[in-house]
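We count ligands from 1, going down the list as the structure has it; atoms in each ligand are counted the same way. Quick caveat, the model's predicted, so the values are computed rather than measured.
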Amino acid sequence: MFCKAPLQQLPIPLLQWYREHARILPWRSQPTPYRVWISEIMLQQTRVSAVLPYFHRFLQAFPTIAHLAAASDDHLMKLWEGLGYYSRARNLKKAANQIMEQFGGIFPSSYEEILTLAGIGEYTAGAIASIAFGIPVPAVDGNVLRVVARITGFADPIDSPKTRRLLRAAVWEIIPLHAPGDFNQALMELGATVCLPNGAPLCSQCPVASFCRAFLQSRTEELPVKSPRKPRRVEMRTVFLLFFDGSVALRRRPEKGLLSGLWEFPNVPGSGDQALAEWEISPAQQWEACNGKHVFTHVEWHMTGQAFLLANDILPEGWVWANRAKLQQTYAVPSAFASFLPLVETYCAVSAPLSANRP
Ligand code: SF4
């Protein structure tokens, strides 16, 4: 059973605590709609410390919505490289174009209009509306669900849509009208810095411990409850590192699906025995290569690397040669392939004189 009574006591001590303890962050010191939007999208599934350098670079490259709308896909992806969940960047550009076309280049100021933008769901719309426009709507993400489930001692799985609706409605009822943005940020901040996940909350530092049910009933380890996860699918792949004259071969991933539109080292499922023949690629030498592993939300790639110096520079249509400078500045290679990069750097250097000496 859900008892929302403890939440009535939440706003005052939470806001007081937030005003004393909030971390100083660039999107908080200047909470314009554009900055709040970019920060909220970057912060999805990503820690603040990882986001900070990306946020600064992004704002420097695209200081306004108009700049973002006009960005080239490669420039955008290069700036996003390493942050993961690349569809977020694509949706940012899509939404920037929507704002230019439908809202005259001005960020929309109502919750309902914000919700129509690409890549923006209830949580992000609530965060932007409350922080940048002072609209009293909730912004309930996984952090906030965890905090609210613990304060109320609610033991249903927090990842069910029913629980999300119930807890979101309960938070909506207690948002202080004079400070909706601070209140939402305070709940997020409490979840990020004190009411930590995985049974390790810092209750002795918490401003709401005196009425938190999980704390009072010694149930912080068991709350929140989550539905059992499906095991991730494991995919064995072979990654081909192909070199010629100081460069490595890259190809673009399909426009739809995992890591869509990004550049990658050519790779295939399984052992890849026939791959070079099918691509009509002529190897001159095989070199030692490393292996790699990358964990996505629903799938794990276990990758075997194979490295070759090629006999010529002929590649299948659409593939490109990238030297070290282009790898660093032009092509966005997702971090799924990060374990191969040091080797690629080395072999780019090694292959230049070898290719030049070929007859
Ligand atoms: Fe979380 Fe502990 Fe605070 Fe309760 S008292 S909200 S469990 S940190």
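At most 12 non-hydrogen atoms from other residues, nucleotides or ligands lie less than 6.0 angstrom from CD of E288. More than 12 heavy atoms of other residues, nucleotides or ligands lie within 6.0 Å of CZ in R23, so this atom counts as buried by the packing criterion.
Neither side chain, Q9 nor S210, offers a donor N or O lying under 3.5 Å from an acceptor on the other.
Distances shorter than 2.8 Å separate atom 3 (Fe) of ligand 1 from the protein N/O/S atoms C206 SG.
A salt bridge between R229 and D159 is absent, with no side-chain N of the basic residue lying under 4.0 Å from a carboxylate O of the acidic one.
For the pair R253 (side chain) and E264 (backbone), a donor-acceptor distance under 3.5 Å is absent.
In this structure, F296 has its ring center no closer than 6.0 Å to that of H298.
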